[in-house]
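Start at 1 and go down the list; that is how both ligands and their atoms are numbered.
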Amino acid sequence: MTRKIALAGIGKIAHDQHVPSIAASPDWELAATVSRHGRVDGVEAFTDLDTFLAARPDVEVVSLCMPPVPRFDYAAAALQAGRHVMLEKPPGATLSECQQLEAMARAAGVSIYATWHSREAAQVEAARAWLADKHLRSLKVVWKEDVRRWHPGQEWIWQAGGVGVFDPGINALSIVTRILPDPIRLTAATLEFPENCETPIAASLAFAHPHGADISAAFDWRQEGDQTWTIEAETNGGYMLLSEGGAKLAIDGDVQAAPAGDDALQGEYPRLYARMAALVHAGGIDMDLSPLAHVADAFLLGRRLTAAPFNW
Ligand code: NAP
């Protein structure tokens, strides 16, 4: 069955991933866009959500791709109009607004999905399966990339609520919270804020693990040249390296074959849309906020350092 969906917040990620994933999916028809400036060729375009909701009661689902701070008002209005809602990561600017959205969805009897695209990277499930019966000794996350390359000119990432380097860092945390069999909790953090920005450009985090494993994460947006998105685990049963943002897995140095039929990172968004179709079909809700909780904890507990000013 094909359902009608609207995309709201037509910018970089909508064009890069959402539009092609919907176009390639048997589950969805892109029936409308809602965006103040952006649009998609051949698709009815609205600049205002309320006008869209009144004009298109036939569109059951709204997928929200704008930055996190403005997203709550769009999500709340769509849920209150009885539409199912899909949220880009991070699902909101605060934990309490995400909890409110989940409550609204339950009250309205509709689906809501806090998506974590990195969890859909090709080898994340294989890493989870491999770790499931191991005794973890240490886990080290290194997520270092060049903000100028991945967020050209985006001012919102430097404004309060834009989360700075946690915008990519939360992708790593979404994988960690998926692959580890045990819950972890943040115990210390250091956040580096450029003196002209409201959000951090780098962060280092330490976590407590219930069986004493040493868990750390280093995020940095100042890395030029090669980009690093790795998660390394030492266990009683060997060494695991999950690299390329979850697309590549090596166990004791042996690179594991990709799952059959997978086209590595290109599969992340198609899998999110397939999951949304299944949730809507089943009347389900998926609002795992654990990656956002770790980020919130880092802002609560973190020691703040001032870094050199950031200029594009
Ligand atoms: P973006 O291009 O800067 O923003 C997307 C669109 O949101 C903008 O083009 C704008 O469209 C709309 N928007 C911006 N500010 C708004 C506001 N105050 N109120 C209403 N609409 C607003 O950002 P993006 O890179 O697509 O990222 C959007 C979300 O996707 C973020 O949560 C990000 O973490 C996530 N994401 C991004 C990437 C990536 O590679 N960029 C990857 C994965 C996930 P209009 O001006 O037309 O309204």
Side-chain angles (χ1 to χ4, degrees), residues 6-22 30 32-41 43-53 62-78 85-95 97-98 101 113-121 124 143 145-175 198-200 219 221 227 229 244-247 264-273 276 289 291-292 295-296 312:
L7 271 182
I10 305 299
K12 185 172 188 312
I13 198 61
H15 284 298
D16 287 357
Q17 295 289 345
H18 292 257
V19 171
S21 299
I22 292 169
L30 182 57
T33 60
V34 183
S35 207
R36 299 162 310 168
H37 311 93
R39 54 185 303 141
V40 174
D41 285 347
V43 177
E44 187 178 12
F46 295 84
T47 54
D48 161 77
L49 184 70
D50 290 339
T51 308
F52 156 75
L53 291 170
V62 183
S63 178
L64 299 177
C65 309
M66 66 282 295
V69 169
R71 201 178 301 132
F72 176 83
D73 289 342
Y74 285 78
V85 166
M86 186 166 162
L87 303 165
E88 250 299 352
K89 49 72 33 171
T94 68
L95 285 165
E97 71 179 39
C98 295
L101 291 177
Y113 180 19
T115 66
W116 299 106
H117 67 86
S118 290
R119 283 185 178 173
E120 306 300 332
V124 169
W143 229 249
E145 61 177 52
D146 182 352
V147 64
R148 291 182 178 84
R149 193 190 310 180
W150 301 105
H151 291 275
Q154 290 183 339
E155 291 297 337
W156 60 265
I157 56 170
W158 296 118
Q159 293 162 0
V163 299
V165 76
F166 288 100
D167 183 81
I170 203 169
N171 297 336
L173 295 171
S174 76
I175 296 175
E198 295 169 0
T199 60
F219 304 149
W221 247 348
Q227 308 286 280
W229 299 291
E244 298 179 12
L265 287 173
Q266 294 311 316
E268 292 181 9
Y269 279 79
R271 282 195 275 276
L272 294 180
Y273 276 96
M276 184 64 184
L289 301 179
L292 186 60
V295 172
W312 293 106

Applying side-chain contact (heavy atoms from CB on, under 4.5 Å) to V69 and not counting sequence neighbours gives A93
Residues at least two apart in sequence or cross-chain that pass side-chain contact (heavy atoms from CB on, under 4.5 Å) with A172, listed by chain then number, are V141, W143, F219
- Check the pair Y74 / V85 against side-chain contact (heavy atoms from CB on, under 4.5 Å), numbers first and verdict last. CA-CA 10 Å; Y74 285 78; V85 166; over 6 Å; no
With I10 as partner, the option from R36, H18, H15 fulfilling side chain to side chain contact (heavy atoms under 4.5 Å, CB included) is H15
The protein residues that pass the under-4.0 Å heavy-atom test against ligand 1 are G9, I10, G11, K12, I13, S35, R36, H37, G38, C65, M66, P67, P68, P70, R71, Y74, E88, K89, P90, H117, Q154, W156, D167, Y269
| task | Look only at the side chain of T199 and the backbone of I157, and say whether a donor-acceptor pair between them is shorter than 3.5 Å. | result | yes
Residues passing the ring-ring contact (aromatic ring centres under 6.0 Å, His included) test with F52, sequence neighbours excluded, are F46
